[in-house]
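Some notes on the structure that comes next.
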Amino acid sequence: MLELRFIRENIELITEKLEFRGIKNSRIGEFPALDQSRRDYLSEVEGLRNKRKTVSQEVAKRKKAQEDAEDLIQEMRQVNDRIKEIEGLLVTVEADLQDIVMSIPNMPHESVPFGNDDSANVELRTWGKSTTFSFEPKAHHELGEDNDTIDFKRAAKIAGARFALLKGFASRLERTLINFMLDLHTQRHGYTEVLPPFLVNTESMTATGQLPKFAEDLFKTGLSERDLWLIPTAEVPVTNIFRDETLPPGDLPVKYCAYTPCFRSEAGSYGRDTKGLIRQHQFDKVELVKFTRPEESDAELDALLADAEEVLQLLELPYRVVTLCSGDLGFSARKTYDIEVWMPAQNMYREISSCSNFGDFQARRGGIRYRPEGEKKSAFVHTLNGSGLAVGRTLAAIYENYQQEDGTIKVPEVLAPYFETRF
RNA sequence: GGAGAGGUGUCCGAGAGGCCGAAGGAGCACGCCUGGAAAGUGUGUAUAGUUAAUAGCUAUCGAGGGUUCGAAUCCCUCCCUCUCCGCCA
């Protein structure tokens, strides 16, 4: 969400940035008139409330003095009618205005390159050399089915398409990767581990920007009277930890990491990545989330990106980093780097992490503030997050990059301690 | 799910239609006192919106509605916490 005053004063800039993002039919043109009538109603209703307050005190005085106050009471009944009338209008106007404001995406950072879609993303760097084989490498799902560690058929029976059943080595590798990532980020990168709820309320989804615009991407529970949504990423519950709170300045930056399963409806992705673990309704992810001072968020994004990259470096998986172009940038993001891991069977890089700086966009929606040193007024923090990493895709990448000619999967060296026999 | 008790500022806690943005205490900040500290003592100490404004105005006593000229206070719905019962991992 952008600040009302900012929108008011920067209609042209916003229109330009919407165009930059490739967004058509925005309702930004309706903003000025609605904003004006909201402010007109607001000042009228506040004036009337003030009148009501002072006259009510006069009523109290007269009653105390045993005097008649019927004339004032009658007058106030009329004032009240008008207040109610304006309040009703205000509700409508504010709802309209809210619709518009909530549908305006974040302003992209100056460094975001222009482009229509992911083909215009800019490669920032590559790491490692693409894995070579003395045989024809197989796709991870073939490997998993061949060695009976990933069962898509039975998962489909149990739950439907886009689910997987991991067995034996695969499920242990999945669990190991979660532990490895959490250990790395907590022990070496200074993050505090949290384990949040996997179902959240509508307010939380709205603060981080999934709602109201992207409800169709989410799973919603149906039994409960109240709305509870399955989280599509740990970003939602973790960013909302400080919703409607003001942090003392000494606390920043706050760095959290969290493992959670993630649930996505994948509406509109029919036919894409139907094979394998790449696009599932449920997948595991270790997420990194930061709350920072505004002036530090750009540097903190670079650091967060490096933290995520280190996972792949330690696993010795080749990858590249790209800067998302304007057309590929997410709704709430100001700037995003994607990390893409090398997938030998597809002979291409696939996204395995997305690291974003949201500026104060989510913080304003969620009321996440801090008090700058020596200042009386609070300000909004900047929020950042990134996958560190998507676990299912990491498992897929290990399968493909570490496959042996006999169809077995070698364990990356850094994970060896996790595979020791315990019993 | 059933029965009951609650939710007030940083914290504890009073307040039961108007004099309440809210007593009192603790904490914190600044000052006095002191060789220094403690104790004592004085003053100050919510947030947000609007605004050029730390002036004014408006809102906020869990959330949302209602009654009333006027609601922290009365009524309704919901959320959360605690105790007991039931169910459950």
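All of these numbers come straight from a predicted model, not from anything done at the bench. Labels below follow one simple rule: chain letters A, B, ... track the order of the sequence lines, proteins then strands, and each chain is numbered from 1.
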**Request:** Using only side-chain N and O atoms of A:Asn50, determine if any of them is under 4.0 Å from OP1 or OP2 of B:rC57.
**Result:** no

**Item:** A:Gln280 (side chain) donor-acceptor with A:Leu277 (main chain) under 3.5 angstrom
**Value:** no

**Asked** Quick one: are A:Phe361 and A:Ile104 in side-chain contact, heavy atoms under 4.5 Å?
**Response** no

**Item:** Value in whole Å for how far the C1' atom of B:rC69 lies from NZ of A:Lys61
**Value:** 15 Å

**Message:** In whole Å, I'd like the distance from the NZ atom of A:Lys53 to the P atom of B:rG17.
**Reply:** 21 Å

**Request:** For A:Val55, report the nucleic acid contact type (base, sugar-phosphate, nothing); a contact means any heavy atom under 4.0 Å.
**Result:** nothing

**Prompt:** Whole-Å distance between B:rG66 P and A:Ile83 CD1?
**Reply:** 13 Å

**Asked** Between A:Glu85 and A:Arg82, is there a salt bridge with N-O shorter than 4.0 Å?
**Response** yes

**Same-atom distance (P) from B:rA22 to B:rU45, integer angstrom** = 10 Å

Between the protein and nucleotides 47-50 of chain B, list the N/O to N/O atom pairs that are separated by less than 3.5 angstrom.
from   : atom 1 : to       : atom 2 : distance (Å)
B:rA48 : OP1    : A:Ser378 : OG     : 2.1
B:rG49 : OP2    : A:Lys377 : NZ     : 3.3

**Asked** Between A:Lys84 and B:rU67, is there a side-chain N or O to OP1/OP2 distance below 4.0 Å?
**Response** yes

**Asked** Side chains of A:Ser354 and A:Asp338: do they bring a donor and an acceptor to under 3.5 Å?
**Response** yes

**Prompt:** For A:Glu58 and B:rC19, what is the distance between atoms CD and C1' respectively, to the nearest whole Å?
**Reply:** 14 Å

**Message:** Rounded to whole Å, how long is the line connecting atom CD of A:Glu245 with atom P of B:rU10?
**Reply:** 12 Å

**Prompt:** In chain order, what residues pass the ring-ring contact (aromatic ring centres under 6.0 Å, His included) check against A:Phe214, with sequence neighbours excluded?
**Reply:** A:Phe331

**Message:** Can you pull out the residues from residues 70-82 of chain A that lie within a 4.0 Å heavy-atom distance of RNA chain B?
**Reply:** A:Ile73, A:Met76, A:Arg77, A:Asn80

**Request:** Can you tell me which stems involve RNA chain B, if a stem is defined as three or more consecutive Watson-Crick or G-U wobble pairs, both distances under 3.5 Å?
**Result:** B:1-7 with B:79-85, B:10-12 with B:24-26, B:27-32 with B:40-45, B:46-50 with B:56-60, B:62-66 with B:74-78

**Message:** Say we look at B:rU10 and B:rU47: how far apart would their C1' atoms be, to the nearest angstrom?
**Reply:** 13 Å

Which donor-acceptor pairs under 3.5 Å do side chains of residues 245-261 of chain A form with protein atoms, sequence neighbours excluded?
from     : atom 1 : to       : atom 2 : distance (Å)
A:Lys255 : NZ     : A:His189 : O      : 2.8
A:Tyr259 : OH     : A:Asp284 : OD1    : 2.8

**Message:** Does any part of the side chain of A:Asp244, heavy atoms only, come nearer than 4.5 Å to the side chain of A:Glu203, both counted from C-beta?
**Reply:** no

**Request:** Answer yes if the side chains of A:Gln362 and A:Thr383 hold a donor-acceptor pair under 3.5 Å, and no otherwise.
**Result:** yes

**Asked** Is there a donor-acceptor contact under 3.5 Å linking the side chains of A:Ser37 and A:Asp40?
**Response** no

**Base versus backbone protein contacts along nucleotides 71-77 of chain B [heavy-atom cut-off under 4.0 Å; B, S, -]** = -------

**Request:** Check whether any side-chain heavy atom of A:Pro105 sits under 4.5 Å from a side-chain heavy atom of A:Ile23, and report yes or no.
**Result:** yes

**Message:** Taking only the C1' atom of each, what is the distance from B:rA72 to B:rC61 in whole angstrom?
**Reply:** 5 Å

**Asked** Going by distance alone, is a donor N or O of one side chain under 3.5 Å from an acceptor N or O of the other, for A:Tyr399 and A:Thr149?
**Response** yes

**Prompt:** Once the angle between the rings of A:Tyr191 and A:His185 is folded into 0 to 90°, is it parallel (under 30°), tilted (30 to 60°) or perpendicular (over 60°)?
**Reply:** perpendicular

**Span that lies between the P atom of B:rU81 and that of B:rC69, in whole angstrom** = 38 Å

**Request:** Please tell me if the side chains of A:Arg350 and A:Asp273 come closer than 4.5 Å, counting only heavy atoms from C-beta onward.
**Result:** yes

**Asked** A:Glu94 CD to B:rG64 P: how many Å, rounded?
**Response** 13 Å

**Message:** When the P atoms of B:rC33 and B:rA38 are compared, how many Å lie between them, rounded to an integer?
**Reply:** 15 Å

**Asked** Are side-chain heavy atoms of A:Glu30 and A:Asp96 found at a separation under 4.5 Å?
**Response** no

**Item:** Spacing of A:Arg49 atom CZ relative to B:rC69 atom P, expressed in whole Å
**Value:** 17 Å

**Message:** Between B:rA52 and B:rA14, how many Å separate the two P atoms, rounded to a whole number?
**Reply:** 44 Å

**Message:** Quiz question: going by heavy-atom distance under 3.5 Å, is there a donor-acceptor pair between the base of B:rC19 and the side chain of A:Lys64?
**Reply:** yes

**Prompt:** Rounded to the Å, how far apart are A:Asp40 CG and B:rC57 P?
**Reply:** 21 Å

**Item:** B:rA46 and B:rC79, which share atom name P, separated by this distance in whole Å
**Value:** 34 Å

**Request:** Using the C1' atom as the reference point in each nucleotide, state the distance between B:rA71 and B:rA16 in Å, no decimals.
**Result:** 11 Å

**Message:** For A:Glu70 and A:Gln74, which I'm curious about, is there any donor-acceptor pair between the side chains at under 3.5 Å?
**Reply:** yes

